[in-house]
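All values below were derived from every heavy atom in this structure, side-chain atoms included, with hydrogens, water molecules and symmetry-related copies excluded. Please read these numbers as outputs of a predicted model, since none were measured by experiment. Residue indices begin at 1 and follow the sequence shown.
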Amino acid sequence: MIVGIKTTNKKINDIVDTPFLGGLFIFMMIFIPAVLTSFLLQALVPAFQNNKGFTKALIFALPAWNLLFWFLRLKLYILFIPAWLLLGGIAIVKGYPIFAGEKPGKVLPSDERSVWKNLYQKTEYDEQRITLQGYIKIINWLPTNHQHACHLVNEKGNFLLRFAIKEKNKNAVNIRKKDNNEMDEANSFFLDNDGNEIPLNQKVSLTFDIIYDKTKSGAYIPLTHEDSKFNPDFKNLAKPGDQYYFFVTKNIRIDKIK
C-alpha cells in the first residue's frame, strides 16, 4: 500500500480496513487538514499573502500535522515511511530555495547605453537572471495598491528598465503613509533579500529574470524607432534605424551595494 496507519482506535481501524475507501480515508488524514490550514494561513497572515505564500505554509503544515498525529498515537505512513518524516524531508529540500530568496544573476554594465545595447537590442539573455545597479523610482503610486510600478534609473535619473515591486517581507517595498494618505518617502524603505531596510534614495543592486515578448511560434518581436514614440520609457534611448525588443521582469531580488 502507498499509505498506511497504525492505531489502537477500533473505529478508525474499521474504516481503514474497508477496500479503497480505507486508503482514501488515510490519504485525506495525511493531506487535507494541512492543505486547508495552508489556505487559511494565506488568507489571514500578511506574510503568506503572495504567490508563494500557500507553498510556504504547506511546507510547514504537512509535516507538523502528521507529527501531531503521532503524538496522538495515529501513526500514518507513506511507502512504509512515517508520513511526518518523509514529508519533513521533502519540505527541507523543496523549502530551502524558497526561503533562501531569489538567486543572484549575471552582472551587466548599468550605464544607459550598455543596458540599451545588451538588453534591448539583443535577446541573448532571454530567460536568464540579470543584475543591474541603480536607483529604484516608484511611479504612479496609489495608496490602495500592494504592487507598484517602478523604474530603475541611473545617477542622472535616466531610465534603465521598468518592473513591478510588491509590499511583502523581502525583495519588496514598505511604504508608510502621511495623515493625508500621501507617501511618506522619508520613512518608507525597500527590503532586501534578507529583509533588511534600505532607504528609498539609496543605490541598490537589482536582479531579475528577463523574459522577452515572443509570438506563439516563439519568434522574437522586433520594435523600431517609430514604435518608441508610443512608449515614453524609450523615447530617449531609441534612435532612428534602431531595432529593439520588449521584455518583462520577474522574481526580482534587491541587495545593498557593499
Side-chain angles (χ1 to χ4, degrees), residues 51 101-142 145-168 171-173 175 183 185 188-193 198-258:
N51 292 339
E102 303 295 345
K103 296 179 181 179
K106 180 179 178 62
V107 179
L108 294 179
S110 300
D111 62 279
E112 186 179 4
R113 297 313 302 177
S114 294
V115 171
W116 176 251
K117 179 181 177 181
N118 292 329
L119 298 186
Y120 291 99
Q121 293 193 291
K122 300 178 182 178
T123 58
E124 62 183 89
Y125 296 112
D126 189 24
E127 300 186 9
Q128 296 186 34
R129 283 190 71 72
I130 301 298
T131 298
L132 298 176
Q133 293 185 353
Y135 299 86
I136 298 175
K137 180 181 179 182
I138 300 173
I139 58 174
N140 301 326
W141 177 75
L142 294 174
N145 286 0
H146 296 288
Q147 178 169 297
H148 310 287
C150 298
H151 284 171
L152 185 71
V153 302
N154 61 15
E155 286 81 357
K156 297 180 180 179
N158 294 329
F159 171 84
L160 298 178
L161 63 89
R162 175 189 286 263
F163 65 99
I165 192 169
K166 295 182 179 180
E167 294 187 36
K168 51 182 183 176
N171 296 315
V173 64
I175 295 179
M183 184 193 303
E185 294 190 31
S188 299
F189 50 85
F190 298 113
L191 293 163
D192 69 9
N193 193 58
I198 304 176
L200 295 188
N201 61 356
Q202 186 170 320
K203 189 175 183 179
V204 300
S205 176
L206 182 75
T207 302
F208 51 91
D209 295 333
I210 183 169
I211 311 293
Y212 287 88
D213 277 358
K214 305 181 190 70
T215 64
K216 291 183 178 180
S217 63
Y220 296 107
I221 304 172
L223 301 172
T224 67
H225 175 255
E226 290 299 313
D227 296 313
S228 69
K229 295 178 181 179
F230 304 100
N231 191 330
D233 293 345
F234 304 120
K235 64 181 180 180
N236 296 322
L237 292 173
K239 306 298 181 186
D242 277 355
Q243 179 173 282
Y244 65 98
Y245 302 88
F246 185 75
F247 60 81
V248 296
T249 60
K250 295 183 178 180
N251 304 319
I252 68 165
R253 168 176 171 151
I254 301 171
D255 291 287
K256 292 182 179 180
I257 296 177
K258 299 178 181 179

Query raised in the report: Quick one: NZ on Lys106 to CG on Leu132, what's the gap to the nearest 0.5 Å?
Result: 12.0 Å

Report task. Indicate yes or no: does Asp192 engage Arg253 in a salt bridge with an N to O separation below 4.0 Å. Result -> no

**Report entry** Minimum heavy-atom distance Gln243-Pro222, with the two atoms named
**Finding:** CD-CB, 3.5 Å

Query raised in the report: Applying the ring-ring contact (aromatic ring centres under 6.0 Å, His included) test to Tyr120, which of Phe247, Tyr245, Tyr244 qualifies?
Result: Phe247

Report task. Evaluate side-chain contact (heavy atoms from CB on, under 4.5 Å) for Val248 paired with Phe246, printing each intermediate quantity in order. Result -> CA-CA 7 Å; Val248 296; Phe246 185 75; 4.1 Å; yes

Report task. Check whether any side-chain heavy atom of Glu127 lies under 4.5 Å from a side-chain heavy atom of Ile211, and answer yes or no. Result -> yes

Query raised in the report: Mind checking whether His151 and Phe159 have parallel, tilted or perpendicular rings, split at 30° and 60°?
Result: perpendicular

Report summary line: So NZ of Lys166 and CG of Leu191: to nearest 0.5 Å the spacing works out to 14.5 Å

Query raised in the report: Between atom CG of Asp209 and atom CD of Gln128, what is the distance when rounded to the nearest 0.5 Å?
Result: 10.0 Å

Query raised in the report: Does the side chain of Leu152 reach to within under 4.5 Å of the side chain of Phe163, using non-hydrogen atoms?
Result: yes

Query - Interatomic spacing from OG in Ser110 to CG in Leu160 - rounded to 0.5 Å - result: 7.0 Å

Query raised in the report: Looking only at heavy atoms, which two atoms of Ser205 and Thr131 are closest? And how far apart?
Result: OG-CG2, 3.1 Å

Query - Side-chain touch Ile138/Met183, heavy atoms, less than 4.5 angstrom - result: yes

Query - Worked check of side-chain contact (heavy atoms from CB on, under 4.5 Å) between Phe189 and Ile175 - result: CA-CA 7 Å; Phe189 50 85; Ile175 295 179; over 6 Å; no

Query - Ser114 and Asp111 side chains, donor-acceptor separation under 3.5 Å - result: yes

Report task. May I have the step-by-step check of side-chain contact (heavy atoms from CB on, under 4.5 Å) for Asn201 and Tyr135, ending in yes or no? Result -> CA-CA 7 Å; Asn201 61 356; Tyr135 299 86; 5.9 Å; no

Query - Pairwise side-chain contact, Leu206 with Ile252, heavy-atom cut-off 4.5 Å (strictly under) - result: yes

Report summary line: Looking only at heavy atoms, the pair that brings Tyr125 and Asn118 closest together is CD1-O, 3.7 Å

Query - Flag side-chain contact, heavy atom, 4.5 Å: Asp242 against Thr224 - result: no

Report task. First locate atom CZ of Arg162, then atom OG1 of Thr249, and finally report the distance between them rounded to the nearest 0.5 Å. Result -> 10.5 Å

Query raised in the report: So, Lys203 and Glu155, do they make that salt bridge, N to O below 4.0 Å?
Result: yes

Query raised in the report: Got Leu108 and Leu119 here, is their nearest side-chain heavy-atom distance under 4.5 Å?
Result: yes

Report task. Report the distance from atom NZ of Lys214 to atom OG1 of Thr123, rounding to the nearest 0.5 Å. Result -> 8.5 Å

Query raised in the report: In terms of heavy-atom contacts, does NZ of Lys122 have more than 12 from other residues, nucleotides or ligands at under 6.0 Å?
Result: yes

Requested in this report: Any chance you could lay out the side-chain contact (heavy atoms from CB on, under 4.5 Å) test for Ile254 and Ile198, step after step, and finish with the verdict?
Outcome: CA-CA 9 Å; Ile254 301 171; Ile198 304 176; 4.0 Å; yes

Query raised in the report: Are Asn171 and Asn193 linked by a side-chain donor-acceptor pair shorter than 3.5 Å?
Result: yes

